[in-house]
Amino acid sequence: MNFVEEVKWRGMLHDVMPGTEDMLKEEQVSAYVGIDPTADSLHIGHLVGVMLLKHFQRAGHKPVALIGGATGMIGDPSGKSQERNLLDLETLRYNQEAIKKQLSKFLDFSEKSDNKAVLVNNYDWMSKFSFLDFIRDVGKHISVNYMIAKDSVKKRMKGSEDKDAEGLSFTEFSYQLVQGYDFLHLYKEHNCKLQMGGSDQWGNITTGTELIRRMLKGKAYALTSPLITKADGGKFGKTETGNIWLDPKKTSPYEFYQFWINTSDEDAEKYLKIFTVLDKAEIENLVSEHKEAPHTRILQNKLAEELTSVVHSKDAYDTSVVASKMLFGKGTKEQLETLDDTTFNAVFSGVPHYEINANILKNGINIFDLLSEEAPVFKSKGEIRRLVKDNGISVNMEKFTNPDALINSEYLINDKYLVIRQGKKKYSILFIK
RNA sequence: GGGGGGAUUCCAGAGCGGCCAAAUGGGGCAGACUGUAAAUCUGUUGGUUUAUACCUUCGGAGGUUCGAAUCCUCCUCCCCCCA
């Protein structure tokens, strides 16, 4: 498999240094992608880089995932990073392990593979480097003129066309040099000749190739991916509730599945190419099938299936499908009553829970008091009134249309809870205590 | 240093003594149509046990008035022009 070709047709190629393709044909090398260990989980924004490594490994080369323990402390001036917090070592190691576990779902780290994936942390070599040694051995080789010519730096300089530019600290300025040194280190230690990343990383990567050329007379390469966009201009990977994480504790498999199911038609094909390993013919097939019968949403279903299965499990995927059918098909009260615990949790884990006193249901309670005072699902009674009038509230999957009706114990599902739905997608659960 | 303009509900932006909880647009929410999409259309968008009612809101503090987002005084912040 030709790695560059592969990445190109998948729409994951923004820029590549001339000669990269030929170099990869000649020998088995390593390539790396940097990941900030700011949390103990990856989110789907990291997935492009991970998939680059995945295809790299599929092409017979060795992928290296670099945890930016050191660089993460400095803060990349590309984009509008703010001041970073220094991670303590314990957290850093913890995050590193958690991230490795997630990466292993995509990459093969097993010893027996002759191109096994490797995880490294630049903290391990940078922390021992003294300032004096660094500026003497590394800084000497790169001129300030070269460094300030980078877009990421130029944009931050006072007097640039960007009037909000606030200048940048020496710390941030030196970021590219530290990242450049990472590349040099991996070049020496792991025969790493290629660094990959988002298109905003181009400047930082080329500082690395430059450093390698000057210090080692070596030749190293760069390859970047376009930043993922959505057809409607929104930011990819974010929902109202925040990031979509790979960690099931942060984003439930059900929510994860739902995220992909909700992809728009315009984006689905693009995402299928980027985030799955399906080959070209297979994807083209799906696209034409989808065009035949758009309402079946083959692309979205496939996307959700592939991603949920890889990141979570086949079981988690199956459960999510059942849960979705239940919530978005014509779910009924009877179906709710027959939900088993696993499915129940899958469906409602990401949903707000409220506790209410069992007594208040004994004599029945009107919906306004119940949903604003007993369980603050809504912020005012007026809002509830409006929604009821507009047919916007369902109790236990049944439209609640009569504002005078009282809710009593008979409404409880399995004597334990009530399911409140606002509109089509927003659920709340009221448990009795 | 001198002169001028402005601060309005989530945002933009009307209103310039009572008919203002405040036009209009955007956004949000809901409904219809659908494919848990897009587009479109409709309703709704401060609070209060259902309201031709009351309460809280128009940068802050006072004042004038039967009555102020609207007039006056002081303060705070923003913008523009001249030096």
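Note on naming: letters A, B, ... go to the chains in the order of the sequence lines (proteins, then strands), and numbering restarts at 1 for each one.
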Under 4.0 Å protein heavy-atom contact, by nucleotide of nucleotides 39-45 of chain B - B base, S sugar-phosphate only: ----BSS
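Ring geometry for A:Trp260 versus A:Phe256: interplanar angle over 60°, hence perpendicular rather than tilted (30 to 60°).
Applying the ring-ring contact (aromatic ring centres under 6.0 Å, His included) test to residues at least two apart or on different chains, the pairs with a partner in residues 39-73 of chain A are A:Phe3-A:Phe56, A:His43-A:His46, A:His43-A:Trp245, A:Phe56-A:His61.
Shown here, B:rU44 forms a base pair with B:rG28; the pair counts as Watson-Crick or G-U wobble because both key distances fall under 3.5 Å. Under the Watson-Crick or G-U wobble criterion, with both distances below 3.5 Å, B:rA14 has no partner in any strand shown. Across all strands shown, B:rG1 pairs with B:rC82; the Watson-Crick or G-U wobble distances both stay below 3.5 Å. Under the Watson-Crick and G-U wobble criteria, each requiring two contacts below 3.5 Å, nucleotide B:rC74 is paired to B:rG60.
Rounded to whole Å, the C1' atom of B:rG6 lies 16 Å from the corresponding atom of B:rG60. Separating the P atom of B:rU44 from that of B:rG25 is a span of 13 Å, rounded to the nearest Å. Nucleotides B:rG59 and B:rG13, compared at atom P, are 15 Å apart to the nearest Å. Look at the C1' atom in both B:rC33 and B:rU42: the space between them is 11 Å, to the nearest Å. Here, B:rA22 and B:rU56 have their C1' atoms 14 Å apart, quoted to the whole Å. Spacing of P atoms, B:rC10 relative to B:rA23, comes out at 13 Å, to the nearest Å. Separating the P atom of B:rG3 from that of B:rG62 is a span of 29 Å, rounded to the nearest Å. To the nearest whole angstrom, the two C1' atoms, one in B:rU64 and one in B:rG18, are 16 Å apart.
Residue contacts shown for A:Lys399 are limited to sugar-phosphate atoms, with no base heavy atom under 4.0 Å away. Residue A:Asn391 is classed as a sugar-phosphate contact, given heavy-atom separations below 4.0 Å to backbone atoms only.
Because its NZ or CZ atom is both nearer than 6.0 Å to the ring centre of A:Phe109 and within 45° of the ring axis, A:Lys100 counts as a cation-pi partner of that residue.
As rounded to whole Å, 18 Å separates atom P of B:rA38 from atom NE2 of A:His295. The CE-P distance, from A:Met397 to B:rU36, rounds to 13 Å in whole Å. Counting to the nearest Å, the P atom of B:rU36 and the NZ atom of A:Lys424 are 9 Å from each other. Atom CG in A:Asn301 sits about 12 Å away from atom C1' in B:rA37, given to the nearest Å. Rounded to whole Å, the distance from CD on A:Gln258 to P on B:rA37 is 10 Å. The interatomic distance linking A:Glu292 (CD) with B:rG35 (P) rounds to 16 Å, in whole Å. Per the geometry, CZ belonging to A:Phe368 stands 7 Å off C1' belonging to B:rU50, to the nearest Å. Between the NZ atom of A:Lys426 and the C1' atom of B:rG28 there is a distance of 9 Å, given to the nearest Å.
Using a 3.5 Å distance cut-off with no hydrogens or angles, the side chains of A:Lys193 and A:Thr20 do not pair a donor with an acceptor. A:Gln258 and A:Ser324 form a side-chain donor-acceptor contact under 3.5 Å, judged by distance and modelled atom types alone.
Residues passing the side-chain hydrogen bond (donor to acceptor under 3.5 Å, both in side chains) test with A:Asn95, sequence neighbours excluded: none.
Close to B:rU49, at under 4.0 Å from its OP1 or OP2, lies a side-chain N or O of A:Lys381. Taking 4.0 angstrom as the limit, A:Lys325 places none of its side-chain polar atoms (N or O) nearer than this to OP1 or OP2 of B:rU36. Within the structure, a side-chain polar atom (N or O) of A:Ser380 is placed less than 4.0 Å from OP1 or OP2 of B:rG47. Distances shown here put a side-chain N or O of A:Lys425 below 4.0 Å from the OP1 or OP2 atom of B:rA37.
Nearest to the side chain of A:Ile261, among B:rU50, B:rA30, B:rU36, sits B:rU36.
Rounding to the nearest 0.5 Å places CG of A:Asp279 at 6.5 Å from CH2 of A:Trp9. Atom CD1 of A:Ile393 is separated from atom CZ of A:Phe400 by 8.0 Å, given to the nearest 0.5 angstrom.
At a cut-off of 3.5 angstrom, the base of B:rU36 holds no donor-acceptor pair with the side chain of A:Gln300.
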Working for ring pair (Phe, Tyr, Trp, His ring centres under 6.0 Å), residues A:Phe170 and A:Tyr175: CA-CA 9 Å; A:Phe170 178 73; A:Tyr175 182 93; over 10 Å; no
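Across the interface with RNA chain B, nearest-nucleotide mapping of A:Asp369 and A:Pro294 shows A:Pro294 to be the residue nearer the 5′ end.
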